[in-house]
Amino acid sequence: MVQGTLDMLILQTLVLGPAHGQTIAHAIERGSDDVLQVEHGSLYPALHRLQNRGWIAAFWGTSENNRKAKYYRLTPAGKKQLAAQTSRWEQVVRAIGRILNPAAEKQS
Amino acid sequence: MNWRRFLHRRAADADQLEELEFYLDITAEEYIQRGMDPATARDAARRKLGNPTLIREEIYRMNTLTFLEGALRDIRHAVRMIGAKRGFSAAVLLSLALGIGANVAIFTVVNAVLIRPLPYPEPESLIGVYNSAVLQGEAIDSMPLSLDMYVAFKAGAQTFQGFGVWTPDAATVTGLGEPEQIPTAIMTAEVLPTLGVRPYLGRYFSNQDDSPDGPATAILSYGYWQRKFGGDAQAIGRTVLLDFVPRQVVGVMPRNFRFLDISPDVLLPLRLPKGPITGGDGNLSGIARLKAGVTLAQANQDIARVLKIWSDTYGVRQIAEQLRIKPALRPLKKDVVGDVGAVLGILMGALALVMLLVCANVANLVQVRAQGRQHEFAIRAALGAGWGRIARELLVESLTLGALGGGLGLALAYVGLRLLVTQGPATLPRLAEISIDSTSLLFALACSLGSSVLFGLVAALKCGRPGGVQSPRGSSRSTEQIRTQNMLVVTQVALALVLLVAAGLMVRSFLALRAVRPGFTHPEQIQTARIWIPQTQIPEPERVAQMQVDIVNRLAAIPGVSAVAFGSGLPMELGYRNGIVVGVEGKTPVDQIPPNRAMRQISPGLFAAQGTRLVAGRDFTWTDMFTKRRVAIVSENMAREYWGEPRNALGKRIRAGNQGPWNEIVGVAENVYEDGIQQQPPPLVYFRAGVQAPDEPGEAASVRRGVTLAIRSHRAGTQSFIREISAAIHAVNPNLPVARVGTLNDDYKLSMARTSFTLVLLGIAGLMALTLAIVGVYGVLAYAVAQRSREIGIRIALGAEPGTIKSLFVRQGLLMACAGGAIGLLSAATLSRWISSLLFGVTPLDPVTYGVSGAAILAAALTASYIPARRAASVDPMETLRSE
């Protein structure tokens, strides 16, 4: 997976509301129709990194099966970051699309 | 870098563990719901997650400050190593503590006494203003200013930001408890603003205070204000009686205020005389602050110009040219420090030597130690440790040692300084101000860091450099390493010898000073006290003279007193020495100014009380005094100067100045070392005390009102004796203050203070150096014995005598001591001329000192090498061979 993409996906997942690590991993897999396979282990350092940057915040809550679990939620700074990253991502995608398929781009 | 995360990284890791546990549990549950059996589900969940330890490590690293983490680990390791090798660590710490302790102590003293003498803002722009002149072929470089010069400088100087003059004085205080004589300083209004010290309370002197009809005012010192007014802020505006003149208190100086090197209790304004200021009279010291960017040379030029204006204004151009009066400005610091700059340099040099010794010593020990760890280093290198890593660890270890040693040394210095302040000589200037301050702390830090980096580098370069790590087998020393060690020891011995020689020369100087007959005997038995009978109290000279005689008689009646007399000043009593020009009948031409001579007015019996011998003739008598006879006594060197033989001086006549009546010389006294033992005794003229008949008919008779009493008694200096003296004086006149109570020994010791101070400090440095050299020799030999125990074992097994083995090592120790001694003697011979200005009665190449110091070093080396040698001789061959 492209470096930085995972960060964006995590942030995107958390837009829907707080979630714990396992939920986030599944959401990313399902949301991408299992195209993006997350190695779940690599998720946790990423979560830690995002937390250090202040984009997400963690709190201890109770899981669906009544267990103590660490939940993550998006901070306002995270929201801003997501918006910026998303628009930048879209630019990149569009640019790549123009190079790969210039005619299709003109038609649209 | 995030300190909070760094400090909480353990708790964070525990959280992480819990979070990963939760993941495994919930994922396994999911798999079970999908129909897996529990064990397989758990395994599958683990596979999905990956290696949890790796994850945790990755996150842990994110929370870590790598450099700090490494440093902390190294320090922990270093502390463990220091604890593990007790003997080694004790030797290193002892060396460091002694070295740094002595250095910090000496530095603190030197800093307080010599480096930091001016407690004023921007002290470097403060200068002392004096003139130089040539009087009878003798150059004087600090001729005080006269009042008219002050006026001229103040009006004309363009390079001064502020300029004022002052003079020390003393005054009698009455009406505040017991009458008391206190030191004062009389100054013009500009002096305090020029120094830049604001009063704690009240105000500076103003120009009104300086004017002839201004109000009589005074500024108190903080200490005097506390003592006499209990720190009452209402003291401002109150009146004090100084010399029976009421003066209004207008200010109080701050607590830490010190006026140059004197501590006056009261500051008084210098009130200018009425009318135009004329006359070259005056004994004023000038203080000025240079304008920004002005150099001393520029200021001297400026004042030279002003002096020309001055000599024209007052019509003294011819005299000024004859006396060659020139400005002699100098940094104000010099006024306070005086000529102890030489001592400063020498002590700092000694400091540097001791510190070098400590470094050499510790470097040696650390190197020896690191060699013992060759094996360990080799294994670590084989396991992949880089040389940088090993070198860093060695450096951290020495830094830790340095920090510990520095801390111990600081504690040692603190204790030593406490002792010095409570027990130390009162002669040491500003003794009370000596304490460890931030400068000393910085110095200690620099010492310990500098030395540990130095000796740490030696060890690191020796053992940690690439390729320097050898194979673990065959751990014998290379000749190069042995040579380095031996050289360090030789250096130590040489340095120690240099310091010993310096200390020895000071001891010899001190002994020579003590051996000089100063012109008086048993100064510790001569009680001194100064009295001053003010004009306002008793105007008539006759009554003053009678009162002085009454006091002498009262004092003579005190039990245990063997002699009492008084003089205008006693030998070596600073500040009470008068000089006058003395004309000699038939010897000094009438049309020339005769030479200036030291002069005293003394009562009959002072020579007996002082123990000063009469070389010829007789002492003054009370009859001389009551009949106002014109008689004089001269010192032996003055008699020889004019008449060859002391006896020939009797009956000759001298007088003060070039006019007036002659005085007949009735006696010749032995020379008195008035200016301290180091200085040649000055030619001295004694006139009798009591009422002096007027020189010209119509003038008033005069009397010396301030005199110092000399009371010889074996009880001198005891509190009860001082109380009885004071009671006897107050029985004659209850209003008389008694000042400067002490013994002549105080002044005698003060005259040798510089020598004894240098002696003590150099002595400390010398002893330290000797101890360090012993430790050094011992350490190296003990290590050699340990390293060569296998060889020694084989030798003994092959039949070597214990005596041979012993002499093998003692010889090695002596060889090093001899080599070091030879270098040390040569260096001492070259360096000792730096202290020749401090020496007295001994040449810088004094053979006795060199011989004794050399012998001391050899004896120390012998002792230091004998102990390891004996251990070598007692090696059990079986034991050694078996252990190999």
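- When side chains are defined from C-beta on, B/Leu49 counts as touching A/Tyr44, because their heavy atoms get closer than 4.5 Å.
- Inter-residue side-chain proximity for B/Leu54 and B/Glu57 is flagged as met; some heavy-atom pair is nearer than 4.5 Å.
- Contact of the A/Gln81 side chain with the A/Leu50 side chain is not registered, since no non-hydrogen atoms from C-beta on lie closer than 4.5 Å.
- Closest approach of B/Ala444 to B/Val104, counting heavy atoms only: CB-CG2, 3.5 Å.
- For B/Glu19, the side chain to side chain donor-acceptor pair (under 3.5 Å) partners two or more places apart in sequence, or in a different chain, are A/Tyr72, B/Gln16.
- Ion pairing between a basic and an acidic side chain is recognised when a charged N comes within 4.0 Å of a carboxylate O; A/Lys68 and B/Glu18 show such pairing.
- Within residues 20-35 of chain B, the residues that have a heavy atom under 4.5 Å from a heavy atom of chain A are B/Leu20, B/Phe22, B/Tyr23, B/Asp25, B/Ile26, B/Thr27, B/Glu29, B/Glu30, listed by number.
- Contacts between B/Asp15 and chain A at a heavy-atom distance below 4.5 Å involve backbone atoms as well as side-chain atoms.
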